[in-house]
Amino acid sequence: MGKIIKVLKGTKDILPQDVTMWHFVEDCARKVFNSYGFNEIRTPIIEVTELFSRGVGDTTDIVNKEMYTFEKSDRSITLRPENTAGVVRSYIENGMSRLSSPVKLWYKGPMFRYERPQAGRQRQFHQVGVEMFGISQPSADAEVILTAVDFLKSVGLNDLEVEINSLGCPKCRAEFKEKLKNVIRPYLNDLCEDCQTRFDKNPLRLLDCKVEECQKIYAKPEIQTVIHSDFLCEECKNHYDELKKYLDNLKIKYSENKLLVRGLDYYTRTVFEIKSNNLGSQNAVCGGGRYDGLVEQLGGEHTPAVGFAMGMERLISLIPEIKNELLDGYIVSNSTAEAFLLAQELRNKGLNVELDLANKKFTKQLEKASKVAKYALILGEDEISQNKISVKNLKTGEQTTVNRAEILNYIN
Ligand code: HAM
């Protein structure tokens, strides 16, 4: 026997007994997103690496440390670590700016990040998400957050926590970054290695460092004063205030978190996350925000945009288990040939049916039926000769014989 080959670290099989949950979540996504006018888009899992270095940002952990990148025919190719950049590429490449605004797209599929695997964090994971292009007003941010909350409700999650923040526009944020650097500079040598790099390249990311020593430094009063200062310019402040009014009006409960800076570089103004206390340290089910500069940055016309993505594994771990559907019928017969014909007849009528393929004894076939189906469809010699079927309800034990032509009515 050869050595057993195992699944790669940080990846998982989604087994048949779990697939019902995935279908449920995907069906809810399709229904809710369609009801808001989002259309599904499917973009490739591989893209040119530059899309992410320019799109997600080459100072981010995602691009610096976590991408699966390889060379093929002299091109650098990357397995997508997220899908906003890919959707933006497709929006530009397919001339979607010519479509009537807003353009609303949704997607689902696998993403790849080379992170340290732990509960709620995998190297291949799945996201569902939406992106809306063309609207700069905060009503779009509100609708995107509402879509996320409604989708979560539709899968039975009513009490998750919505956190929001505004990162301002490049102009007011630049001033804020300078102020932040000025108060943190005296402690630079005491910061962790990552923060020392972030200090120059991406100072906002200092705020969500998880290292205790860094957190202690950022808790100092003079630094906290800057973090909690009102740095937004008037336009950004109005945008943020209006968003909050919309959320209040929609009765969406939220809290403001000044430390919410997100791990991707493309955000402007609104950022948000939806969290659950039942998820441990990887507690964000959903992350999103506005990215008004990204379309232009990737070669398109200036186009405001906002969206979110949710981790499907994290989402599914919060939903109570759904049992797999039973088959409608399992055919119990000593004649495989006749059972085949009946199975085809019923499948053509829309029923889910299986038959015994191994010439098992009648009692064994009945045992199997009781495990996998709602009805045992018994096709003995008498039934075959009389064109009838004996139907046993496997829940109640009730058994009756019906004409073959009436089986569909009987089961339904
Ligand atoms: P993100 O925050 O990087 O945002 O990911 C969104 C969600 O994907 C997270 O909240 C989490 O639930 C899930 N997730 C991320 N990494 C992992 C992982 N390694 N294992 C399991 N789940 C994970 C984005 O990806 C942005 N593209 C969201 C967006 C769309 N912003 C605007 N539009």
Side-chain angles (χ1 to χ4, degrees), residues 5-15 18-19 21-23 25-26 29 40-93 105-131 194 202 205 208 210 262-267 273-274 279-289 291 294 297-298 307-318:
I5 296 171
K6 295 202 170 156
V7 74
L8 276 172
K9 193 173 164 192
T11 70
K12 274 187 188 160
D13 297 313
I14 300 170
L15 296 170
D18 302 323
V19 145
M21 292 291 284
W22 286 76
H23 287 169
V25 169
E26 287 163 4
E40 187 177 356
I41 182 166
R42 301 185 184 191
T43 59
I45 285 168
I46 50 173
E47 298 272 6
V48 295
T49 303
E50 191 189 348
L51 175 67
F52 304 111
S53 49
R54 265 168 63 192
V56 176
D58 50 16
T59 61
T60 59
D61 284 352
I62 295 183
V63 169
N64 271 326
K65 303 184 190 163
E66 297 169 3
M67 295 211 299
Y68 282 89
T69 296
F70 56 95
E71 299 281 325
K72 209 79 193 161
S73 306
D74 283 342
R75 295 211 79 171
S76 178
I77 291 171
T78 291
L79 298 184
R80 62 182 185 194
E82 60 100 56
N83 208 26
T84 307
V87 170
V88 169
R89 180 207 41 72
S90 178
Y91 175 88
I92 299 168
E93 196 172 348
L105 305 169
W106 76 272
Y107 52 84
K108 64 173 164 53
M111 311 291 155
F112 304 84
R113 296 184 192 175
Y114 189 74
E115 297 187 82
R116 194 170 51 78
Q118 62 182 89
R121 199 207 267 158
Q122 291 175 208
R123 290 179 172 168
Q124 175 176 340
F125 60 100
H126 297 76
Q127 287 184 339
V128 277
V130 310
E131 312 293 350
D194 277 344
N202 199 350
R205 294 285 291 159
D208 69 0
K210 303 281 181 296
R262 310 271 302 125
L264 307 99
D265 272 358
Y266 46 62
Y267 292 110
E273 282 189 349
I274 305 183
L279 276 178
S281 67
Q282 300 303 315
N283 64 352
V285 179
C286 173
Y291 49 97
L294 185 58
Q297 204 175 309
L298 290 175
F308 68 74
M310 299 202 190
M312 293 179 75
E313 284 79 2
R314 291 188 196 172
L315 188 63
I316 285 171
S317 73
L318 292 170

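Residue numbers count from 1 along this sequence. Treat the numbers as computed from the prediction; the structure is a model and nothing was measured.
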Correct closest heavy-atom pair for Leu279 and Ser317 would be CD2-OG, 3.4 Å

Heavy-atom closest pair (Pro81 atom, Met111 atom, distance to 0.1 Å) is O-CB, 3.7 Å

Donor-acceptor check, side chain of Thr49 to backbone of Ile77, threshold 3.5 angstrom: yes or no? yes

Does a side chain donor of either Glu131 or Thr84 reach within less than 3.5 Å of an acceptor in the other side chain? yes

The test is salt bridge (charged side-chain N to carboxylate O under 4.0 Å, His left out); show your working for Lys65 and Asp194 and say whether it passes. CA-CA 11 Å; Lys65 303 184 190 163; Asp194 277 344; 3.2 Å; yes

Under a 3.5 Å distance rule, please check whether Arg314 uses its side chain to pair with a backbone N or O of Gly120 as donor and acceptor. yes

In sequence, state the C-alpha distance, the side-chain angles, and the governing distance for Tyr291 and Val88, and then conclude on side-chain contact (heavy atoms from CB on, under 4.5 Å). CA-CA 10 Å; Tyr291 49 97; Val88 169; 3.9 Å; yes

Using atom types as modelled and distance alone, determine if a side-chain donor or acceptor of Arg113 lies under 3.5 Å from a backbone N or O of Met67. no

For Val87, does its backbone N or O pair with a side-chain atom of Ser90 as donor and acceptor, under 3.5 Å? no

Between Glu273 and Arg262, does any NZ, NE, NH1 or NH2 come within less than 4.0 Å of an OD or OE carboxylate oxygen? yes

At their closest point, which heavy atom of Ala309 faces which heavy atom of Tyr107, and how far apart are they? CB-OH, 3.8 Å

Please round to the nearest 0.5 Å and tell me the distance separating atom OH of Tyr68 and atom CD1 of Ile45. 13.5 Å

Can you see which heavy atom on Val128 is nearest to which on Ala29, and at what distance? CG1-CB, 4.2 Å

Does Gln118 form a side-chain contact (heavy atoms from CB on, under 4.5 Å) with Ser281? I'd like the steps, not just the answer. CA-CA 9 Å; Gln118 62 182 89; Ser281 67; 3.1 Å; yes

Can you establish whether the number of heavy atoms outside Tyr114 located under 6.0 Å from its atom OH is more than 12? no

State the OG1-CG distance between Thr59 and Leu264, to the nearest 0.5 angstrom. 10.0 Å

Go through the steps to decide whether Tyr91 and Thr43 satisfy the test side-chain contact (heavy atoms from CB on, under 4.5 Å), and finish with yes or no. CA-CA 10 Å; Tyr91 175 88; Thr43 59; over 6 Å; no

Of Arg80, Arg75, Arg54, Arg89, which is the lone residue that meets salt bridge (Lys or Arg N to Asp or Glu O under 4.0 Å) with Glu47? Arg89

Once you round to the nearest 0.5 Å, how far does NZ of Lys108 lie from NE2 of His126? 9.5 Å

Would you confirm whether Asp58, through its side chain, and Asn64, through its main-chain N or O, come within 3.5 Å as a donor-acceptor pair? no

For the CG atom of Leu79 and the CZ atom of Phe52, what is their distance to the nearest 0.5 Å? 9.0 Å

When you measure from the side chain of Arg123 to the backbone of Pro117, do you find a donor-acceptor pair of N or O atoms at a distance under 3.5 Å? no

Atom CG of Asp265 and atom CZ of Arg205: how far apart are they, to the nearest 0.5 Å? 8.5 Å

Quick check for you: to the nearest 0.5 Å, what is the distance between Leu318 atom CG and Asn283 atom CG? 10.5 Å

Verify, without hydrogens or angle tests, whether Lys12 (side chain) and Gly10 (backbone) share a donor-acceptor contact under 3.5 angstrom. no

Are any non-hydrogen side-chain atoms of Glu66 and Asp61 less than 4.5 angstrom apart? yes

